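Have a look at the structure below before the remarks.
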Amino acid sequence: MELNDGNLQTLTEFLRKTLDPDPAVRRPAEKFLESVEGNQNYPLLLLTLLEKSQDNVIRVCAAVTFKNYIKRNWRIVEDEPNKVSNPDRTAIKANIINLMLTSPEQIQKQLSDAISIIGREDFPQKWPDLLTEMVTRFRSGDFHIINGVLRTAHSLFKRYRHEFKSNELWTEIKLVLDTFAPPLTELFKATIDLCQTHATDVNALKVLFSSLILICKLFYSLNFQDLPEFFEDNMETWMTNFHALLTLDNKLLQTDDEEEAGLLELLKSQICDNAALYAQKYDEEFQPYLPSFVTAIWSLLVSTGQEVKYDLLVSNAIQFLASVCERTHYKQLFEDQNTLTSICEKVIVPNMEFRSADEEAFEDNSEEYIRRDLEGSDIDTRRRAACDLVRGLCKFFEEPVTAIFSGYVNSMLTEYAKNPGQNWKHKDAAIYLVTSLASKGQTQKHGITQANQLVNLNEFFVNHILTDLKSPNVNEFPVLKADAIKYVMIFRSQLPKEHLLQAVPLLINHLQAESTVEHTYAAHALERLFTMRGPSNTTLISPAEMAPFTEQLLTNLFKALALPGSAENEYIMKAIMRSFSLLQDSIVPYIPTLIAQLTHKLLLVSKNPSKPHFNHYLFESLCLSIRITCKANPATVGSFEDALFPVFTEILQNDVQEFLPYVFQVMSLLLEIHSDSIPSSYMALFPHLLQPVLWERTGNIPPLVRLLQAFLEKGASSISSSAADKIPGLLGVFQKLIASKANDHQGFYLINSIIEYMPPEPIIQYRKQIFILLFQRLQSSKTTKFIKSFLVFVNLYCVKYGAIALQEIFDDIQPKMFGMVLEKIIIPEIQKVSGTIEKKICAVGITKVLTECPAMMDTEYTKLWAPLLQALIGLFELPEDDSVPDDEHFIDIEDTPGYQTAFSQLAFAGKKEHDPIGEAVGNPKILLAQSLHKLSTACPGRVPSMLSTSLNAEGLQFLQGYFQVANVQLV
């Protein structure tokens, strides 16, 4: 693509169309941009547009498109083509900083993100002058430019907060500190001075305070991994100014908005974060400053109002106190009973109250409310912070704190009892207090695992929780109902089973509540209860115990999906999946109606997939329906295909990328259930599965390979008779996979199935080429994973076609090749093979080479006979060799099941382990003994003499044991 006006014009028109609400206009435009993004100069055309276009909408659109292009394509992935040409990379890095700093803020933010994506890949090695170029702009004095630099630096350095320690990381941080920390400190001091100079100019103050917030965020990132020497030397400057900013109150910066935090609040909350970081990690160095920060933050908490805009500030301030109070050498600051009472009264209790803003969120923004309350992303809410402070205080002062709060809980419950309609918020706060007091240790899987012994959870459940759950009107006091459900859910491991069984029908009832939060919590609580394990590792609640409620449970769960706001509620769908999994055969009578509802739902969501978790659980539920029903009656597989194939066809035709890996997994599951041949509906699909475009997306590879394996297992003969012209396409897929370090194991899965199931005739002409491809890959990049897979393949080939065929094909490629493979690969590496079935295949294959290959007995290969037998005995008797060479630092996909970008493995579509040798060989050690016996009868005297001269004593001993078990002798 040339950089000319014509192309700029075309690009402008297509960008405009991507903003069109009509999918018929928008989709083709998006597809066009996707098709041209591989061309050289495409990113430069976008940069030209965002710089020079007269239309502001197009400029912003070009900036967003450019950022997404960089996000998708900048990283260079091994085994894959470079998606951005080198001249484009150089030109982008040469121009982007200047362009970002001179663009309006909306565009500046997009370009800043793009720089940090490039920086993550290229800085410092491939972009050494990035920092110096940015730091020199500090001198410009123009805060629009300075803030651009600070924003970019922030997005570049914030990853230091969650990176694992490594020498590479330390080297990079050291470089950053040397270049960036001194000018940042100077800028910090200068900006504070300017704030005093412009103390009455509100517009100037807004810009300066934006800079201060970014500077404080950078301070946090640069100090997170360890205390840098530079900051330790300059601690006085930073801490004194932080303290001054905490106590600063400028009327001009106060906002009228009750919801949105102003600059002053954002700055102070970041400073609380910075102080908490130092108090936690560098307490010795921070000690001189700590008391003044505790005082400042305490007075901040006592004087800050209840408005939403202060939430972040208050929660960070409380988190600071929480991090201080649980450290041994700050303990004395909190020991006094009056101090504890004061903290409880002035900080904790007020911040546990359910405010009108919380009530609004509960009713009108339930999704956000649930996310914050259930998923623990309420890290910046007042309640969560107050809860953490209670836990922190309980570390050293459990008794006095429990005593203080018990008084509050009782008085709150008394207030509620006087007038429930008016005072229900008192009970809500009481439940929250009890929860935070009682919870010591918590996990996602088990809820609360450690509880405060001073709080009687059962008594509170019976007296205060059960009453709300039993209330006949599920829509009355929805907040208290949600609290009660949450109580059951988080204390599920602490409450006795009879209480939980008592709660189950009540929770099923609450699935009908109008309140989204309430019925979501009910679904989530049921799902969590159904995963609990009893003493014998079965589910705590059995299908028999659920029998009286099964129908009501299924009815209410599916009805809940029809409630307003819950059409794609992931908690309900997860509860449906878990109910199916728990109830097993009990759901069979309901399947016809349930599957109709699930497929209808699938059709709706496939039009615009937007909730990945919901979709995942929907497919899991489909798999469970198929598994459970077909286990009882395999013939019903046809009715599932009739229900699902129309929807699947639509998904495949519309190329709904998010759903394809799921569809392939469900189809594999269905096809694997068929006992004999492949139905014609599947055969029609077979050629489409080999289209290269499907294999371009990494997420499709594991499920597609599995589906092709199912085709081969069930219908290799019909493929070789009616679709023989597709075999080259099948081998083309193998060739593509084998070339990639990330996916070569998938290539072996495929070729192993071809060898195992395909009749020999259609494959004969390709065999030699298959081995040549494997040898080329061995020469270009030999990895442990590849060798393990290669050994299994070679031995499977031997088991299937015989040892003579294996020796001949190697020696046909190159004379004496068979000996080289034995000597250089099989004998030294066989110990690396892992997995029972894989080891069995290798053992049977090597046994055949030792005992059924004449060339091993009377050619130059004979010298390898004893070492090969020794290696086989090693495979049986020695521990697996799991060492990996130093240079193989990439993720070994085999060892991390399910690791694949954009591939979501369905747990309930799981593939059964398959043993290609099966019952034919029970114990490979006995097979070896029997085969050696047979060989010795064919050439008497040879085998014992080869053993006695070449095998070590330990090997002979093991071998003797095999002969005894097999009850045979050598001749």
Side-chain angles (χ1 to χ4, degrees), residues 161 216 219-220 223-228 231-232 234-247 268-304 312-352 379-380 382-405 433 436-437 439-442 450 452 454:
R161 302 174 180 195
C216 289
F219 176 90
Y220 190 86
N223 282 272
F224 191 87
Q225 288 280 341
D226 201 356
L227 177 56
F231 284 106
E232 191 175 347
N234 289 274
M235 202 184 287
E236 179 70 28
T237 303
W238 284 92
M239 291 304 154
T240 317
N241 283 313
F242 281 165
H243 187 267
L245 289 169
L246 264 185
T247 50
K268 289 183 179 185
S269 41
Q270 185 57 51
I271 291 173
C272 288
D273 255 359
N274 295 357
L277 175 74
Y278 265 55
Q280 271 172 331
K281 295 182 87 162
Y282 317 124
D283 43 10
E284 210 174 299
E285 294 83 355
F286 186 57
Q287 219 146 13
Y289 305 97
L290 183 88
S292 61
F293 272 90
V294 169
T295 314
I297 287 172
W298 173 258
S299 59
L300 193 70
L301 278 170
V302 177
S303 59
T304 303
L312 181 65
L313 172 57
V314 169
S315 75
N316 281 2
I318 297 176
Q319 288 291 1
F320 167 78
L321 286 183
S323 63
V324 172
C325 74
E326 60 182 20
R327 305 199 65 87
T328 317
H329 41 277
Y330 302 144
K331 188 170 136 184
Q332 78 286 353
L333 292 169
F334 300 89
E335 270 172 339
D336 182 40
Q337 180 76 20
N338 294 333
T339 309
L340 284 175
T341 309
S342 179
I343 291 176
C344 295
E345 186 183 321
K346 295 195 168 126
V347 176
I348 293 170
V349 172
N351 286 302
M352 286 212 172
I379 209 76
D380 53 352
R382 294 172 181 243
R383 280 190 143 182
R384 167 60 58 96
C387 207
D388 287 347
L389 182 52
V390 173
R391 274 189 210 150
L393 289 170
C394 280
K395 188 171 174 183
F396 294 120
F397 314 108
E398 189 167 55
E399 269 190 54
V401 169
T402 307
I404 295 167
F405 279 136
L433 249 179
S436 56
L437 255 187
S439 326
K440 273 184 168 178
Q442 185 168 11
Q450 257 185 306
N452 178 337
L454 306 168

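As a basis for the values below, the full set of heavy atoms in this structure was taken, side chains included, without hydrogen atoms, waters or symmetry mates. In this text, all values refer to a predicted model and were calculated from it rather than measured experimentally.
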Locate the shortest heavy-atom distance separating Ile271 from Cys216; write the atom from each residue and the value. CG1-SG, 4.0 Å

Please find the pair of heavy atoms, one from Tyr220 and one from Asp273, that lie closest to each other, and give the distance. CE1-O, 3.6 Å

Atom pair OG (Ser303) and CH2 (Trp298), whose distance is rounded to the nearest 0.5 Å: 11.0 Å

Per-pair distances, 0.1 Å, donor-acceptor, side chain in residues 277-297, under 3.5 Å, sequence neighbours excluded:
unit_1: Tyr278; atom_1: OH; unit_2: Asn223; atom_2: OD1; d: 2.7
unit_1: Lys281; atom_1: NZ; unit_2: Phe224; atom_2: O; d: 2.5
unit_1: Tyr282; atom_1: OH; unit_2: Asn223; atom_2: O; d: 2.5
unit_1: Tyr282; atom_1: OH; unit_2: Phe224; atom_2: O; d: 3.4
unit_1: Tyr282; atom_1: OH; unit_2: Asp226; atom_2: N; d: 3.3
unit_1: Tyr282; atom_1: OH; unit_2: Asp226; atom_2: O; d: 3.3
unit_1: Tyr282; atom_1: OH; unit_2: Leu227; atom_2: N; d: 3.4
unit_1: Asp283; atom_1: OD2; unit_2: Arg327; atom_2: NE; d: 3.3
unit_1: Asp283; atom_1: OD2; unit_2: Arg327; atom_2: NH2; d: 3.4
unit_1: Asp283; atom_1: OD2; unit_2: His329; atom_2: NE2; d: 3.0
unit_1: Tyr289; atom_1: OH; unit_2: Glu236; atom_2: OE1; d: 3.0
unit_1: Ser292; atom_1: OG; unit_2: Tyr289; atom_2: O; d: 2.8
unit_1: Thr295; atom_1: OG1; unit_2: Pro291; atom_2: O; d: 2.8

Measuring from atom CD of Gln319 to atom CG of Leu312, what distance do you get when rounded to the nearest 0.5 angstrom? 10.5 Å

Taking ring pair (Phe, Tyr, Trp, His ring centres under 6.0 Å) as the definition, give me every residue that meets it alongside Phe242, ordered by chain and number, with sequence neighbours left out. Phe188, Phe219, Trp238

Among residues at least two apart in sequence or on other chains, which ones pass side chain to side chain contact (heavy atoms under 4.5 Å, CB included) with Asn338? Asp336

Go through the structure and list residues passing side-chain hydrogen bond (donor to acceptor under 3.5 Å, both in side chains) with Asn274, not counting sequence neighbours. Gln270

How close do Leu300 and Leu246 get, heavy atom to heavy atom, and via which atoms? CD1-O, 4.0 Å

Which value, rounded to the nearest 0.5 Å, describes the distance between Tyr330 atom OH and Leu321 atom CG? 12.5 Å

Determine the minimum heavy-atom distance between Gly392 and Cys325, stating which atoms define it. C-SG, 3.5 Å

Kindly write out the residues that satisfy side chain to side chain contact (heavy atoms under 4.5 Å, CB included) with Glu335, not counting sequence neighbours, or none if the list is empty. Lys331, Gln332, Phe397

Interatomic spacing from CZ in Arg384 to CG in Asn351 - rounded to 0.5 Å: 14.5 Å

Within this structure, what is the OG-CG distance for the pair Ser315 and Leu389, rounded to the nearest 0.5 Å? 12.0 Å

Going from CG on Asp388 to CG on Leu393, what distance comes out if it is rounded to the nearest 0.5 angstrom? 11.0 Å

Validation row: Leu301, Lys346 side chains within 4.5 angstrom (heavy atoms): no

